Amino acid sequence: MNDALTILQERGFVQQCTDFEGLSKLMDEGPVTFYIGVDPTGPSLHIGHMVPFFALRHLRDAGHRGIALLGGGTARIGDPSGKTEMRKLISYEAIDENTERVVKQLDRFVGFDGVHALTANNKDWLANLNYIEFLRDIGRHFSVNRMLSFEAYRIRMETGLSFIEFNYQLLQSYDFLQLYKRYNCRLQIGGDDQWGNIVSGIELIRRIEGAECYGLTFPLVTTSDGKKMGKTEKGALFLDPEMTSPYEFFQYFRNVSDADVLRFLLMFTFLPVEECRRLGSLKDAALNEAKERLAWEVTSLIHGKEEADKALAAARAAFRGEGDATQLPTTEIDRARLEAGIGALDLFVASGLAPSKNEARRLIQQGGASVNGRKIEDERQVFSAKDMVEGAMMLRAGKKRVARVVVKKERQNT
RNA sequence: GGGGAGAUUCCCGAGUGGUCAAAGGGGGCAGACUGUAAAUCUGUUGGCUUUCGCCUUCGAAGGUUCAAAUCCUUCUCUCCCCA
């Protein structure tokens with residue numbers, strides 16, 4: 001089998017392939033151009049979106065050429081795959097803005113050099129499509145009967161599927177055709193929920209161009225307890241540091257289940273396979289070493305080494321008391337407010353550890369709140385400057401959430 | 001266009017005039033147990049004050065009533081059937 005494909009398979013990327021042998025042969029013959037579609041439907045990608053891009057790097061490093069296709073056109077209608085409800089339509093301006101941000105994020109990770117990795121936007125050929133021509137040239141190749149038999153549409157037969165979404169598959173197929181014509185793109189990779197769309201693109205190319213293209217899908221990454229990977233209390237694990245701080249990002253991976261460590265090391269890091277296996281086979285408490293490594297590696301890939309180091313230092317400070325506490329999430333508080341004395345409830349709300357006073361109260365009543373390592377017994381306890389240790393108070397909510405509170409620096413008058 | 005069903009707190013889903021901040025489940029949070037894991041058990045889960053209490057919430061806006069998530073009117077949206 002082709003080397004690059006072997007790597008993907010070894011690392012757990014392969015879910016389905018339209019023609020494994022054919023693809024392997026094609027890749028053996030020389031560099032293959034492939035693409036990944038991304039819908040700019042939000043302001044930031046999350047870790048789940050990155051699986052195909054990890055694969056892209058593996059393939060690129062093996063000499064192949066990857067295209068990140070931004071769905072600036074398709075985002076205008078919404079992909080029904082994997083959704084149980086109709087997607088909200090997003091304004092064109094928002095899509096363009098998202099596209100710009102997403103490209104920037106991907107560029108950090110992939111590095112679009114225009115040679116081995118490049119971007120394209122399907123807005124370029126979709127935005128001004130002529131409806132009648134499209135129906136004659138493309139639409140006639142699609143059978144509604146067949147489309148309805150696809151899982152993605154079948155689920156939606158229950159809850160309702162609008163015509164606009166029903167067209168998504170045609171557009172995505174058309175994308176593949178365009179990329180084939182423009183870049184000689186022969187392979188589409190993506191999440192397994194894209195299988196139906198990928199296959200129909202391949203068929204379309206076969207019918208119109210008489211050429212054989214390929215599709216390869218990756219498993220939808222879930223955690224061992226069946227949840228979608230990358231989901232946190234606050235929503236998804238975003239790449240944007242404003243939306244998910246590097247520390248939170250790090251902690252997510254630091255806290256994965258034992259059963260997920262090996263799988264995640266293989267998919268979300270570029271550590272050699274043997275090293276992943278070694279780390280993944282550690283037992284019991286020793287496995288924590290592997291989790292720490294995993295967290296550092298992924299954070300470093302997404303946010304850079306510096307941020308990864310900081311997150312690691314903060315985590316060690318929070319949980320072992322030996323790292324750098326100043327790297328923990330820190331909140332500033334007005335000097336005046338502190339001098340007047342701040343109640344425990346307000347303190348926890350101000351630190352962001354509790355969204356409301358009621359929650360802060362609950363936290364304290366249930367014994368989950370502490371300041372400087374001392375459990376708060378009475379919610380009416382008041383804190384002031386004398387409770388600062390080395391210029392900061394360390395608040396803890398539960399076992400895992402930590403915040404540091406410092407006095408706001410005196411503002412220079414303007 | 002005609003007919004029918006529906007919109008409930010983070011999600012699913014009960015609730016058809018007061019006893020409803022609203023059952024139950026899921027999820028979340030906290031505690032115990034631990035390895036910053038999983039599983040399990042317990043508690044908790046709108047806001048403000050905790051003492052009584054007050055405020056906001058049941059698609060939107062009005063109305064009836066001492067009193068509405070529950071009744072009426074209009075509107076918006078979703079689904080189903082017929083055309």
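Everything numeric in this text was worked out from a predicted model, so none of it was measured.
- For the pair A:Arg57 and A:Phe109, the cation-pi criterion (under 6.0 Å, within 45° of the ring axis) is fulfilled.
- With both pairing distances under 3.5 Å, B:G1 is matched to B:C82 as a Watson-Crick or G-U wobble pair.
- Closest contact between the side chain of A:Leu363 and the listed nucleotides B:A37, B:A30, B:U36 involves B:A30.
- Distance, A:Lys400 NZ to B:G35 P: 14 Å, rounded to whole Å.
- Computed from coordinates, the A:Lys375 NZ to B:A32 C1' distance equals 11 Å when rounded to whole Å.
- Searching all strands for a Watson-Crick or G-U wobble partner of B:G6 with both distances below 3.5 Å returns B:C77.
- Taking atom CG of residue A:Asp346 and atom C1' of nucleotide B:G47, one finds them 14 Å apart after rounding to whole Å.
- Across all strands shown, B:U51 forms no Watson-Crick or G-U wobble pair with both key distances under 3.5 Å.
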Open item on the list: Does the protein touch nucleotides 40-46 of chain B at the base, only the backbone, or not at all? Give it as B, S and - per nucleotide, heavy atoms under 4.0 Å.
Closed with: ---BSS-
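- Between the C1' atoms of B:G63 and B:G53, the separation comes to 30 Å (whole Å).
- Sorted by first and then second residue, the ring pair (Phe, Tyr, Trp, His ring centres under 6.0 Å) pairs with a member in residues 291-310 of chain A read A:Phe249-A:His303; sequence neighbours excluded.
- B:G18 and B:A23 have their P atoms separated by 16 Å, with the value rounded to a whole Å.
- In this structure, B:A38 makes no Watson-Crick or G-U wobble pair, since no nucleotide meets both defining distances under 3.5 angstrom.
- Using a 4.0 Å heavy-atom criterion, one finds that A:Lys399 contacts the bases of the nucleic acid, with or without backbone contacts as well.
- With sequence neighbours excluded, the residues that form a side chain to side chain donor-acceptor pair (under 3.5 Å) with A:Asp192 are A:Gln16, A:Thr217.
- Of the possible donor and acceptor atoms, none in the side chain of A:Lys400 sits under 3.5 Å from a partner among the backbone N and O of A:Gly398.
- Side-chain rings of A:Phe270 and A:Phe54 approach one another, their centers coming within less than 6.0 Å.
- Close to B:U36, at under 4.0 Å from its OP1 or OP2, lies no side-chain N or O of A:Arg401.
- Pairing for B:A22 is absent, with no Watson-Crick or G-U wobble pair whose two atom distances lie under 3.5 Å.
- Under the side chain to side chain donor-acceptor pair (under 3.5 Å) rule, A:Lys291 has a single partner from A:Asn255, A:Asp260, A:Asp258, which is A:Asp258.
- Under the salt bridge (Lys or Arg N to Asp or Glu O under 4.0 Å) criterion, A:Asp284 pairs with no residue at all, not counting sequence neighbours.
- Taking for each of A:Leu312 and A:Ala369 the nucleotide of RNA chain B with the nearest heavy atom, the 5'-most of the two is the partner of A:Ala369.
- To the nearest whole angstrom, the two P atoms, one in B:A67 and one in B:G1, are 39 Å apart.
- Across all strands shown, B:U16 remains unpaired; no Watson-Crick or G-U wobble contact has both distances below 3.5 Å.
- Take A:Arg316 and apply the salt bridge (Lys or Arg N to Asp or Glu O under 4.0 Å) test, not counting sequence neighbours, and it matches A:Glu292.
- Among residues two or more places apart in sequence or in another chain, the salt bridge (Lys or Arg N to Asp or Glu O under 4.0 Å) test is passed with A:Asp96 by A:Lys123.
- Using P as the reference atom, B:G17 and B:U49 are 37 Å apart when rounded to the nearest Å.
- Distance CG (A:Leu328) to P (B:U36): 16 Å, rounded to an integer number of Å.
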All N/O donor-acceptor pairs, side-chain side in residues 347-358 of chain A, below 3.5 Å, sequence neighbours left out:
from: A:Ser351; atom 1: OG; to: A:Phe348; atom 2: O; distance (Å): 2.9
from: A:Ser351; atom 1: OG; to: A:Leu353; atom 2: N; distance (Å): 3.2
from: A:Ser356; atom 1: OG; to: A:Glu359; atom 2: N; distance (Å): 3.2
from: A:Lys357; atom 1: NZ; to: A:Asp346; atom 2: OD1; distance (Å): 3.3
from: A:Asn358; atom 1: OD1; to: A:Arg361; atom 2: NH1; distance (Å): 2.8

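- Across the protein-nucleic acid pair, A:Lys357 atom NZ and B:C29 atom C1' stand 20 Å apart, rounded to whole Å.
- Side-chain rings of A:Tyr183 and A:Tyr35 stay apart, their centers remaining 6.0 Å or farther from each other.
- Atom CG in A:Asn255 sits roughly 11 Å away from atom C1' in B:G35 (whole-Å rounding).
- Applying the Watson-Crick and G-U wobble criteria (two distances, each under 3.5 Å), B:G43 pairs with B:C29.
- Rounded to a whole angstrom, the distance from the C1' atom of B:U9 to that of B:A14 is 13 Å.
- By the salt bridge (Lys or Arg N to Asp or Glu O under 4.0 Å) test, A:Glu377 pairs with no residue at all, sequence neighbours left out.
- Atom name P, nucleotides B:C72 and B:A68: the rounded distance is 15 Å, in whole Å.
- When both pairing distances are held under 3.5 Å, B:U64 makes no Watson-Crick or G-U pair with any nucleotide shown.
- Straight-line distance between the C1' atoms of B:A7 and B:A61: roughly 16 Å, to the nearest whole Å.
- Residues from residues 280-296 of chain A with heavy atoms under 4.0 angstrom of RNA chain B, sorted by number: A:Asp284, A:Ala285, A:Asn288, A:Lys291.
- Nucleotide B:U36 holds its C1' atom 15 Å from the CD atom of A:Glu248, rounded to whole Å.
- The residue A:Ala397 sits close only to the backbone: its heavy atoms come under 4.0 Å of sugar-phosphate atoms, none of a base.
- B:G26 sits 36 Å from B:C77 when the P atoms are compared, rounded to a whole Å.
- What separates CZ of A:Phe264 from C1' of B:A37 is a distance of 13 Å, to the nearest Å.
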